[in-house]
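Below is one structure, written out as structure tokens; comments come after it.
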Amino acid sequence: MQRIVIADLKSYNNGGVCAGHFFAFASNYQQIFSKSCEVKIAGGPIYRKRFSDAELMSLPCDISEGLSKLKSFFRMIRNAKSLMRQTTPSDIIIIQQSKPAQILFSLIFTCWEKRNIYHVEYSEEPMMRPYYRMAMRLRGKKILKGTLCPNDIVGRAYEMPYLVLPDYIYVSCNNNVTGNYHEKCYDFCTLGRIVYEKGISGAALALRGKPYSYLISGYAEESSEVNIIRQAAEGCTNLTVQLDYLTDEQYDKLLNSSRYAILNYIGAYTEKSSGVVLDMLFHGVPIIGHRCRALQFVEDEHVGVLYDDINTFDFASVLNEETYQACLVGIKNYLRRFSNDIEHLYNFLGIERIIV
């Protein structure tokens with residue numbers, strides 16, 4: 001049986017928490033390939049919090065907050081060396097995206113034979129750096145067989161075969177997107193990592209004191225954002241703020257308790273794809289978002305509503321069952337397309353798909 005390895009050379013460990021999408025990506029691809037391949041999840045010690053020993057291909061190092069760039073790089077080299085030692089040329093390896101330059105040079109220093117290695121990239125920006133572009137052309141293209149990316153612009157930038165895919169791929173067979181509008185606890189929510197580019201503080205200020213309930217819950221990485229959010233919620237009954245890391249169970253429960261998810265993206269987040277958006281849709285939660293390149297598909301696919309300015313948006317316009325159910329229909333139609341994405345992924349990697 002073909003073996004596929006989903007590898008995270010960075011293995012980010014922030015005080016015992018792996019923030020970001022790395023666990024979710026690994027779990028998603030594990031589910032996609034589990035019926036047709038032997039799947040291994042390659043990651044550092046932090047990965048033991050999510051995956052069993054049988055599922056893991058253990059790498060020696062995590063990279064923690066505050067570690068110097070040089071020490072981080074040496075740890076990634078150690079992880080890449082361990083990955084090469086535990087795999088064979090017949091294995092298919094998918095490298096998760098994080099610190100593209102360090103990943104590329106880690107592979108250059110440790111991979112000396114032909115391999116089936118694919119990398120995930122979300123931006124064309126690394127190829128705009130002369131040193132990275134030269135390294136990719138001279139050596140990287142001999143190591144990497146292809147790119148998994150969110151759009152053609154990113155794919156063409158890396159000058160190798162590529163496949164356009166969403167950040168996560170919906171794998172449920174029944175497409176059971178249902179929601180009882182009247183049983184939800186919150187009108188709106190924003191969940192997950194709290195960073196400036198998500199515009200969460202702006203959403204809190206816009207909804208402060210309004211007759212709509214808004215839940216903000218997740219791990220806070222930036223103190224300036226936290227201070228604004230806390231000030232907005234102080235003495236305000238319609239804002240619920242929970243600043244702590246969410247387990248998968250807590251995340252699912254809170255998301256399923258909300259009518260809509262607010263994604264008030266600003267800055268860098270307006271341009272790049274986000275697995276957060278897909279995660280909301282997989283849970284059957286429509287999106288209320290800032291109109292930008294990253295979220296334009298929300299309007300095009302009728303899976304939510306976009307606004308130009310959150311301060312002037314009429315939130316009452318979406319708080320009715322007709323609009324809510326129309327969005328759920330859009331979500332169901334959108335998710336049906338993911339079966340094609342799975343088939344394209346199998347074909348791109350050269351894996352025979354077994355359907356049970």
Quick one: closest heavy-atom pair of Glu55 and Gln30, and the distance?
-> OE2-NE2, 3.1 Å

Please report the C-alpha distance between Lys49 and Asn13 in whole Å, then the side-chain angles of each, then the deciding distance to 0.1 Å, and finally whether the side-chain contact (heavy atoms from CB on, under 4.5 Å) criterion is met.
-> CA-CA 11 Å; Lys49 286 181 172 288; Asn13 184 341; over 6 Å; no

Honestly curious: do Val195 and Phe23 fall in one hydrophobic cluster under the side-chain, below-4.5 Å linking rule?
-> yes

Donor-acceptor side-chain pairing of Asn333 and Arg336 below 3.5 angstrom = yes

Tyr346 six-ring centre to Arg353 NZ/CZ under 6.0 Å and within 45° of normal | yes

Gap between atom CD1 of Ile93 and atom CG of Leu349 - 0.5 Å precision = 12.0 Å

Heavy-atom pair of closest approach, residues Leu255 and Cys189 | CD1-SG, 3.9 Å

Determine whether Val120 and Gln96 make a side-chain contact, defined as any pair of heavy atoms from C-beta on separated by less than 4.5 Å.
-> no

Give a yes/no verdict on a cation-pi contact between Arg85 and Trp112, requiring under 6.0 Å between NZ or CZ and the six-membered ring centre and an angle within 45° of the axis.
-> no

Between Ser98 and Ile103, which heavy-atom pair has the shortest distance, and what is it?
-> O-CD1, 2.7 Å

Step through the shown structure and confirm whether more than 12 heavy atoms of other residues, nucleotides or ligands are within 6.0 Å of CZ on Phe51.
-> yes

Could you check if a side-chain atom of His290 sits within less than 4.5 angstrom of a side-chain atom of Ile310, using non-hydrogen atoms only?
-> no

Is a donor on one side and an acceptor on the other found under 3.5 Å between the side chain of Thr270 and the backbone of Ile266?
-> no

For Lys141, does the NZ atom sit with more than 12 other heavy atoms under 6.0 Å from it, leaving out its own atoms?
-> yes

Is there side-chain contact between Pro89 and Lys114, with heavy atoms separated by less than 4.5 Å?
-> no

With a 6.0 Å cut-off on ring centres, are Phe315 and Phe188 close enough?
-> yes

Assess whether atom CZ of Arg78 is packed by more than 12 heavy atoms of other residues, nucleotides or ligands within 6.0 Å.
-> no

To the nearest 0.5 angstrom, please state how far the CD atom of Glu197 sits from the CD atom of Glu271.
-> 12.5 Å

Does the gap between the ring centers of Phe338 and Phe282 come in under 6.0 Å?
-> yes

Should we count CD of Glu113 as having more than 12 external heavy atoms under 6.0 Å?
-> yes

Separation between CD1 of Ile262 and OH of Tyr214, rounded to the nearest 0.5 Å = 4.5 Å

Which is it for Tyr265 and Val276 under the side-chain contact (heavy atoms from CB on, under 4.5 Å) test, yes or no, and what are the steps along the way?
-> CA-CA 11 Å; Tyr265 285 175; Val276 173; 3.8 Å; yes

If you round to the nearest 0.5 Å, how far is CD1 of Ile77 from CD of Gln102?
-> 8.5 Å

With a 4.5 Å limit on heavy-atom distance, are the side chains of Asp62 and Tyr47 in contact?
-> no

Quick one: list whatever passes ring pair (Phe, Tyr, Trp, His ring centres under 6.0 Å) with Phe348, sequence neighbours left out.
-> Tyr118

Give every residue pair that meets the ring pair (Phe, Tyr, Trp, His ring centres under 6.0 Å) criterion with at least one member in residues 127-163, sequence neighbours excluded.
-> His119-Tyr158

Spell out, as yes or no, whether a donor-acceptor pair under 3.5 Å connects the side chain of Ser11 to the backbone of Asp8.
-> yes

Taking side chain as C-beta onward, heavy atoms only, is Leu191 less than 4.5 Å from Asp279?
-> no

Output the distance between atom CD1 (Ile94) and atom CG (Asp91), rounded to the nearest 0.5 Å.
-> 12.0 Å

Does Ile63 offer a backbone N or O that forms a donor-acceptor pair with the side chain of Arg75 under 3.5 Å?
-> no

Heavy-atom closest pair, residues Ala204 and Ile216 | CB-CD1, 3.8 Å

Cation-pi geometry met for Lys10 and Tyr12 (6.0 Å, 45°) = yes

For Ala233 and Val241, which heavy atoms make the closest approach, and how far apart are they?
-> CB-CG2, 3.6 Å

So which heavy atom on Leu163 is nearest to which on Leu345, and how close?
-> CD2-CA, 3.6 Å

According to a 4.5 Å side-chain heavy-atom criterion applied to Ile, Leu, Val, Met, Phe, Trp and Tyr, with indirect links allowed, do Tyr269 and Ile229 form part of one hydrophobic cluster?
-> yes

Plane angle bin for His21 and Tyr122 - parallel if under 30°, tilted between 30 and 60°, otherwise perpendicular = perpendicular

Donor-acceptor pair between Tyr307 and Asn264 side chains, under 3.5 angstrom = yes

If you group Ile, Leu, Val, Met, Phe, Trp and Tyr by side-chain heavy-atom gaps below 4.5 Å, do Met128 and Phe105 land in one group?
-> no

Which value, rounded to the nearest 0.5 Å, describes the distance between Cys327 atom SG and His302 atom NE2?
-> 10.0 Å

Is the Phe73 ring parallel, tilted or perpendicular to the Phe109 ring (thresholds 30°, 60°)?
-> tilted

Treating Ile, Leu, Val, Met, Phe, Trp and Tyr as nodes and any side-chain heavy-atom pair under 4.5 angstrom as an edge, say whether Ile143 and Ile6 lie in one connected cluster.
-> no

List the steps, then state whether side-chain contact (heavy atoms from CB on, under 4.5 Å) holds for Asp244 with Gln250.
-> CA-CA 11 Å; Asp244 200 1; Gln250 291 169 329; over 6 Å; no

Among the clusters formed by ILVMFWY side chains lying less than 4.5 Å apart, do Tyr181 and Leu328 turn up in the same one?
-> yes

Taking side chain as C-beta onward, heavy atoms only, is Leu319 less than 4.5 Å from Tyr260?
-> yes

Heavy-atom check, side chain of Arg115 versus side chain of Thr87, under 4.5 Å = yes

Verify whether one side chain among Asp252 and His283 offers a donor that lies under 3.5 Å from an acceptor in the other.
-> yes

Lys81 atom NZ, over 12 foreign heavy atoms within 6.0 Å = no

